[in-house]
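Before any comments, here is the structure.
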Amino acid sequence: MIHDSELRERLAPLARTVETIVPERELLEKLRAKPSLRCKFGIDPTSTTVHIGNGIQLWNLRRLQDLGHTAVLILGDYTATVGDPSGKDKTRPMLTPEQVEANLATWMEQMSLILDMDKVEIRRNSEWFKDMSFLEVLELTNRMTVQQMMERDSFETRWTNHEPISVREFLYCLMQGWDSVMVEADVELGGTDQTFNLTVGRRLMEQEGMAPQVSLIGPLLEGTDGSEKMSKSLGNAIGLTDAPKDVFGMAMRVSDELMPKYMRLVTDLADDEIETLLAGSPMDAKLAMAAALVARYHGADAGAAEREEFLRVFRRHEAPSEIPEVARPDPEDDGSFWIVNLLKHCGFASSTGEAKRLIQGGGVRLDETVQSDWQARLTLDGGEVLRVGRRKYARLI
RNA sequence: GGCGGGAUACUCAAGCGGUCAACGAGGGCAGACUGUAAAUCUGCUGGCUAUGCCUACGGGGGUUCGAAUCCCUCUCCCGCCA
């Protein structure tokens, strides 16, 4: 939270989604001195999807844009290739330049849902890194000691656990910090996991005789599993461009404990509205949260529609209003359909074994009749509804 | 450079010549319950139209009727000492 009252007022639109500003004093001085600050945000497109956790920072950036500041977006085409060479940390894979390019393209598109892209200053960090000589790299490594590096939590943990730490990884924060020098950032945005890296940026700028950047640290959002930070590669992320139905469903699966956080961080619900909702039934609050999240990226109508659809399917246990239609596969010689093939054909099972398990587990229904025989040959007239679990439906035509 | 330890399914981790498609935990999926979730309980969690066959225990080779288990070798990782 922001402690200084003047600062809180100046940054009112972001207040809810800023965790810490270090140091507040400096930011206040910068704001008083200059009408427009250079606000840096670096992205490492480690996946193809921008999720609502990334969205928190992007919205902060957008609000700074709206306040008249300059958004400086660093495309980490060089830093993204650093990753975690051991491959242990799935959230930090080493990427090839080709993968980086492909991911960047989709990121730009998705970020335009949030940022005013016409006014964004976009810089690739290959701009200054690609021609750096080894001597210059050595110069950069001179600026930090191994002990200082070890202050970073993930390094320290891995050190104690005797897990490998590649020298390559030490360069990461120096690169990120050097980006700040190169774009003369006034402010850098990042999640709490970036605290260390943001500080390195300050240090490098000071060493270069520049006014150091201020760190605007935003909260980190846990994924829908409620424990790990949101990340596409951990499978707990809600993507900006996911279908409204999926966004709503995933939002409803967020734990009660986490829901207040989601309300504040990923919806546009007003503060007092959130208060009221949280005082009421958790179910209604979560429905409101999910609807607001859908509304943010797909419009208010979509939010309301998905809410209605959710109640229909999960509360009243009715079939969804729209069931995807799937053409029947080729029948057996006698004109019947083997249930296992139907499941595989609809994409509900990836192997015969999986289909068999689903059936034996009692999770498969045809027109709401539980199918318990995996050897069953069914006669289909067309129009039957195949269902697996509570969410997967297909109308066989 | 020397010495020692290790590499097992999505992850962690047992197994140390047959009864191993491989204990257990986590995760995931399905079922019951329910307010969506959580918690709890139950089942499943390599492939194959299957009482059998195939592929799997870091890579390659060998011993054996039979190897995840023994031997050789390669690759990678970790520790200690230099």
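What's counted below: heavy atoms across the whole structure, side chains too, no hydrogens, waters or symmetry copies. Letters A, B, ... are given to chains in the order of the sequence lines, protein chains preceding strands, and every chain is numbered from 1. Remember, it's a predicted structure, so these values are computed and weren't measured experimentally.
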Verify the contact: side-chain N or O of [X] to OP1 or OP2 of [N], cut-off strictly under 4.0 Å; return yes or no.
{"X": "A:Thr352", "N": "B:A50", "result": "no"}
{"X": "A:Arg316", "N": "B:U36", "result": "no"}
{"X": "A:Arg390", "N": "B:A32", "result": "no"}
{"X": "A:Ser281", "N": "B:G35", "result": "no"}
{"X": "A:Arg365", "N": "B:G31", "result": "yes"}

Looking at [N], which nucleotide sits across from it as a Watson-Crick or G-U wobble partner, both distances under 3.5 angstrom, or is there none?
{"N": "B:U40", "answer": "B:A32"}
{"N": "B:A7", "answer": "B:U75"}
{"N": "B:G66", "answer": "none"}
{"N": "B:C57", "answer": "none"}
{"N": "B:C16", "answer": "none"}
{"N": "B:C23", "answer": "none"}
{"N": "B:C80", "answer": "B:G2"}

Answer yes if the side chains of A:Lys344 and A:Ser350 hold a donor-acceptor pair under 3.5 Å, and no otherwise. no
Donor-acceptor pair between A:Ser336 and A:Thr379 side chains, under 3.5 angstrom: no
Measure from [atom1] on [X] to [atom2] on [N] and round the result to the nearest Å.
{"X": "A:Arg312", "N": "B:U36", "atom1": "CZ", "atom2": "P", "value": "17 Å"}
{"X": "A:Met250", "N": "B:U36", "atom1": "CE", "atom2": "P", "value": "19 Å"}
{"X": "A:Asp225", "N": "B:A37", "atom1": "CG", "atom2": "P", "value": "15 Å"}

Taking the minimum atom-to-atom distance to the side chain of [X], which one of [options] wins?
{"X": "A:Leu358", "options": "B:U49, B:A30, B:U36", "answer": "B:A30"}
{"X": "A:Asp256", "options": "B:U49, B:G47, B:U36", "answer": "B:U36"}
{"X": "A:Arg357", "options": "B:U49, B:U36, B:C44", "answer": "B:C44"}

Rounded at 0.5 Å granularity, tell me how far CD1 in A:Ile323 sits from NZ in A:Lys392. 15.0 Å
For A:Asn125 and A:Tyr78, indicate whether the former's side chain and the latter's backbone hold a donor-acceptor pair under 3.5 Å. yes
Salt-bridged, A:Glu322 to A:Lys245, with N to O below 4.0 Å? no
Hey, is A:Trp338 doing a stacking thing with B:U49, by the 5.5 Å centroid and 30° angle criteria? yes
